[in-house]
Every structure is written in structure tokens, then in C-alpha cells.
Amino acid sequence: MTTRLFVPRDAGALAVGAEDVAGALAAGLRERGQEAEIVRTGSRGLYWLEPMVEVEAPGGRVAYGPVAAADVPGLLDAGLLAGGAHPLRLGRPEALPFLARQTRLTFARCGIIDPRSLAEYRAHGGYRGLERALSLGPVAIVDEVSRSGLRGRGGAGFPTGIKWQTVLRAEGTPKYIVCNADEGDSGTFADRMIMEGDPFLLIEGMTIAALATGASEGFVYIRSEYPHAIETMNAAINTARAAGLLGAHIQGSAFSFDMSVRGGAGSYVCGEETALLDSLEGKRGMVRARPPLPAHRGLFGKPTVMNNLLSFAAVPTILADGAEAYAAIGMGRSRGTMPIQLAGNIRHAGLFEAGFGMTLGELVYDIGGGTASGRPVRAVQAGGPLGAYFPPSLFDTPFDYEALAARDGLLGHGGLVVFDDTVDMAKQARFAMEFCAFESCGKCTPCRIGSVRGMEVIDRIVAGERTSENLVLLRDLCDTMRLGSLCALGGLTPLPVMSALTHFPEDFSTARRVAA
Amino acid sequence: MPALQALQAEFGFIPPEAVLAVAEALNLTRAEVHGVLTFYHDLRTEPAGRHVLKLCRAEACQSMGADALAQHTLGRVGVEWGGTTPGGGLTVEPVFCLGLCACAPSALLDGEPVARLTPERIDALLDGLA
Ligand SMILES: Cc1cc2nc3c(=O)[nH]c(=O)nc-3n(C[C@H](O)[C@H](O)[C@H](O)COP(=O)(O)O)c2cc1C
Ligand code: SF4
Ligand code: FES
């Protein structure tokens, strides 16, 4: 059998030269008259080691990284195909502490298999969930998802089982399944990794959702910033359809479901569910007041399940291995695993899937290895651009929906962005307001106008103009935005602003700024 | 919206005549189509340069020096955010997160992801453009 080499085609790996590495490997093999198959995979999520190349050696897989194209001749000379010794050799990937300490359920296959191969997906446990779901029927599937304790991974943490139950009971046909893959939060990339690295997982999850609720059509709304994800998703959908896993009478059953991809057009607020529905209908993405809930009147006015990609992607495992196994992991009311995304100024940046409950400190220091710059950590923003900044003194906070909320933060989509001691927190607070102003859908005055005012007020504070007066004004403005906004963009922008002000007041005083 | 996206994919931007055509074809008012066009940051009403650099300005990239990188890039090219060089060679636009936050700072250059950027790497990439 020809040896197999694995090179990621994940956008993050491509961005640091994976395509050149694959090209150099092909050329090097040809020159040496050696034979090997180069399989393009997703990423394992150890981004500081990307491009990470693996080889299926006689004793199992061996990883090398980070590999530059210029390293390839040396690697081949060192006996890469047999897993030979080389300074870049990392050993068995599963034995690397960053991977060994994870509980990979959603990411069990990502970076391992060829994402476009349905056969490999099945060989690695794929479609076991749908098989069991077909034998259970709608009510029992919803019950299984409810008992697993799964909560929405898109930000709000709403119980997925209750949402599906509502759509199952709702009157109206057709019903729709919509996957929110807008992934606009800075510091998050887990949705992208699944679409590029294990797209059949999402197809299976959405198919189970359709079976559970009686839906017949699905859409994956993918942001335009993700061209590679769009391409891989489309390819996988076509493959699944050709194999009878989408379309009429799936697997010979009475159940029919098909799905397609829709691209976004660069708007953060379109990740909000009602704005996303407007956008899918071809309109401006304006946030709608609720009720009606999308579960009752969603896409084209019909009952619609809308979930984040990671929520759907957790479902095949829950169905395959049972609700109890999933619910056994986690803490408090946060059950199961969360694909945590370690980003920004952190040494071991990447995807870390683990049960809820690790502390911020464990994640940043033990797993993440501190900052990439080698300087002290000063702040971590948890939960995206609407999430709070935490100082190291609060690093005992567990990564859990309730624990983060209790400290005026949020878990969001599971991103952690680390900053070293060169960060200017007044500037970060100003950016939060600027982002809100840039992305506001314009419906609410506190969000549209308040954010612009917020920028001006922070500018004045930083310039030392009537500081105490303006600080009061900033707090009032945050209260107005919090209480007077229809959605979380205006409503939660005060979180990063107020956390910066509360935990890093020195950055808002002129004295320190002059000294610095 | 798909109609506008298709037009942009074909022509690189959406000219005023097209707004009228889309409105008529879809039985919408011109104002409605215009509303959609101006809402989405991706949709352009003017042609972009031959090359487009979308530099990430969001938090994870900020933590790795995106602001300084942006200043360097805009200074070197001699444009403001959203601007195009006089010869129509390059447009530089801000973007808020590309999902490459574990290899920050990052950008899309003509749709291709590039990351772990430094001023030197940007210079090399821009020098490589025809
Ligand atoms: C401004 C704004 C942006 C949002 N962006 C996203 C997003 O990019 N992806 C996502 O899944 N949810 C996003 N949400 C949350 C969605 O509105 C919704 O709660 C979620 O898609 C529901 O799915 P879940 O229950 O599986 O989390 C956003 C919300 C707001 C207010
Ligand atoms: S808070 Fe902002 S984004 Fe949300 S609905 Fe109001 S104006 Fe639109
Ligand atoms: S913040 Fe720049 S790529 Fe995510």
C-alpha cells in the first residue's frame, strides 16, 4: 500500500503556507522517485504548529511541524515516509499534551480524515447518529437532545431540546432548518474548522434536526469571509445527495430532506437570528422584535429551527452514544463539551475541546502557554466582541455559562482572546463602541447613536477633558444602550466597555497615559 | 441579494443601471434595492482596484499588532481605509475577523488567506503584485 501523507487545507493552514508545503512534497517525492499519496485534511487545531504534516508510518501517525516548504527536502531525506527523526518531528499527534488533554467529540475527526470523503466519514463513526435517529422517530429524538442538556453554542445558551420541541409542535408546512454559520465573533473559528474539516458532521446534524421536527429543507448561512468553507460545504452536500443521504426518501425511508448553502455579505448583525432570516429572504438584515419566535414564524413565515453550527454538530454524537454519555461531561447547567478557541496573543493558539468547567487561568496558562510575545498577560476577552475583558485576578472563573455571567461576562461562541501588557484598555473600550456603530442595523437609537457618542466620550476621557463628568456620562450611556436596545449588539456592547473601565481604570486616567 | 451578489461576482461592483434592472426584474422599488446594496459591507457601488487587500481589524488581530500593521500598510500604499491607489492597482479595506485568529494578524489578499503578518511580509506580498 502506498504511504499516505496528510497536509491540511484548512484556511488557517493555507494562510501560513500549507499549499506551498503540499506542492513541495509532491515535487520532492517525484524527484526522489518515491511514491506516496498526499491527502488534504482539515486542521487538528494546533495552529502554532501549522502547517503540520502527518505521515501514516508503520507504527501509526507521526506529526511534523511547523513545516515550511523549504524544510521539505530535508524532511524527505530524513525518511519522512517512515516517520524518521528530524528537528521538526513532534511524534504521535494524540500524545501531544494539547491534544491529549482534550475531550474531542465534535472535533473527533477534524484534521484526521479527508473532509470530502464520505467513506472516511462513515469509517470514523459518521452517520451512526442518523441511523439511530431513524429508528427512534421525532419525539424520542427531541427527548434525547433535551436529556443531553445541550445548549445553543451561538451565544445565548438556550436549551436546544426546547427549541426543537417548539418547532415539532408548531403548525405549518414546510418547516425549515437554518444553520447559523455567520461566525462573526472575533477570536472564533470553530464553525469554519468543521465546515472545512468535517462537513458531513454538519449535514448529519441538520438532517437529524429535520427528522426530529418534520422539516423538509435546510440552509447553511455562511459568512462571505469564509470562501473555503463555502466551497467544501457545497462539495459535501453534493456528495451526500448523490449517495442518497440528502433528497427524497433518505436511506430508503419515508423521510425527505435537502439543503443548500447561502453566502452572507459582510454584516455582523446578520448573525442575529431574525436579521439572518431577513438576509436569507434577500432583504437588509434588520433585527425583528420577538414574538413571534422563529420557531413559530421564521423563514418565509414558517416554523424554523435556527441553531449555531456547533449545536447541530454536537447532535450526531449525542444520538450515536446516547444523551447520558454527553450529559455526564461538564459542570452545573453547562453539559457536554465546548470547542474553546484560544486566539490572539497566546503561545498555543488553537482549538481546545473540553468539558465545561476549566478555569480561565488553566486555559490561558496551562493549555495556552501564556502569551505569544512572552510578555505578561494583562487581559482576556471572553465571548467575542460583545464579551467582557477579564484581568488575571479573575482567572479563577470557570468556563461555564453561569459562572462567566455571574462576573458580568459571557461565554458566547467560546472564543478567548489574550492580550499582553502592551494593551491599552481605553482603546479597546473605544473599539467596542466603534464596532457597534459600524455594524448597527440602525433600528434602535441607543445602539446607532449611543455608540458614536460613546466613542466621543471615551476620546474626551482619554484627553483628560472633565474626566469625572465624562465617566458618569459613559456609565449612563452604557445603561441606556443596555436597556434600550432590541438585540445584543447594542445591548451587550456595554460589557466590554464597562469591564475595561471596571478592571483597568488606570488606562482611562490621563496621568498614566502621559507617563506611558 | 443573490442577484446583487451575482452581479458583483461578474462585474466586481454594482453600477447604478444595474440597480434599476434588478428592481424591475424582481418587482421591487429602486429604493428597496438601494437599501439592500448600502446595508451590506461587501457590496460595492464603485469598482475596486485590480487587487484587493482586506486587513483584519478585530480584537484577536489587534492583540498581535494589527493596528501598527494597518498603519504601515496604509502609509506605504498611500490610501485611507477603503481607498484605491491612483492607478487602480490596489484597494485596502478593513474587515472584522476572518476566522484566522489563531494565526493573527491576518488578511485576505484577492480572496487568499494570509496570516502571521509582519510589516516585512506585507511588503513582500505587495511587492509581488503585478
Ligand atoms: C449581533 C449578534 C450577532 C450574532 N452572531 C451570531 C453568529 O455569528 N453565529 C451564531 O450562531 N449566533 C449568533 N448570534 C446568536 C443568534 O441570534 C442565535 O441566538 C443563535 O443562532 C441561536 O442558535 P443556538 O441556540 O444554537 O446558539 C448573534 C446574536 C447577535 C445579537
Ligand atoms: S441593538 Fe443595534 S443592531 Fe440590535 S436591533 Fe437595535 S439597532 Fe439593530
Ligand atoms: S480577529 Fe482577525 S482573523 Fe479573527
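Everything numeric in this text was worked out from a predicted model, so none of it was measured. A, B, ... follow the sequence lines: proteins, then strands. Residue 1 opens every chain.
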remark   = dist Glu59(B):CD -> Gln428(A):CD (nearest 0.5 Å) comes out at 7.0 Å

ask   = So which of Gly282(A), Gly344(A), Ala265(A), Gly266(A) has the largest heavy-atom pair count under 4.5 angstrom toward chain B?
value = Ala265(A)

query = Could you state the interatomic distance from CG (Asp185(A)) to SG (Cys97(B)), rounded to the nearest 0.5 Å?
reply = 8.0 Å

note = Honestly, the part of Leu342(A) sitting under 4.5 Å from a heavy atom of chain B is backbone

message = Strictly below 4.0 Å, N to O, side chains only: are Arg116(B) and Glu50(A) in salt-bridge contact?
response = no

message = Donor-acceptor check, side chain of Ser186(A) to backbone of Ala60(B), threshold 3.5 angstrom: yes or no?
response = yes

request  = Answer with yes or no whether the side chains of Tyr40(B) and Ser224(A) bring together a donor and an acceptor at under 3.5 Å.
outcome  = no

Pairwise side-chain contact, Gln62(B) with Val423(A), heavy-atom cut-off 4.5 Å (strictly under) = no

query = When heavy-atom pairs shorter than 4.5 Å are enumerated against chain B, which of Gly350(A), Gly415(A), Pro385(A) gives the highest number?
reply = Pro385(A)

message = Measuring from atom SG of Cys103(B) to atom CH2 of Trp48(A), what distance do you get when rounded to the nearest 0.5 angstrom?
response = 11.0 Å

query = How many angstroms lie between CD in Glu183(A) and CG in Leu98(B), if you round to the nearest 0.5 Å?
reply = 11.5 Å

key: Spatial distance of atom OG (Ser267(A)) from atom NE2 (His41(B)) [nearest 0.5 Å]   = 5.5 Å

task = Looking only at non-hydrogen atoms, find the nearest pair between Ala349(A) and Ala102(B) and report the distance.
result = CB-O, 3.4 Å

remark   = Rounding to 0.5 Å, atoms CD (Glu225(A)) and SG (Cys56(B)) come to a distance of 9.5 Å

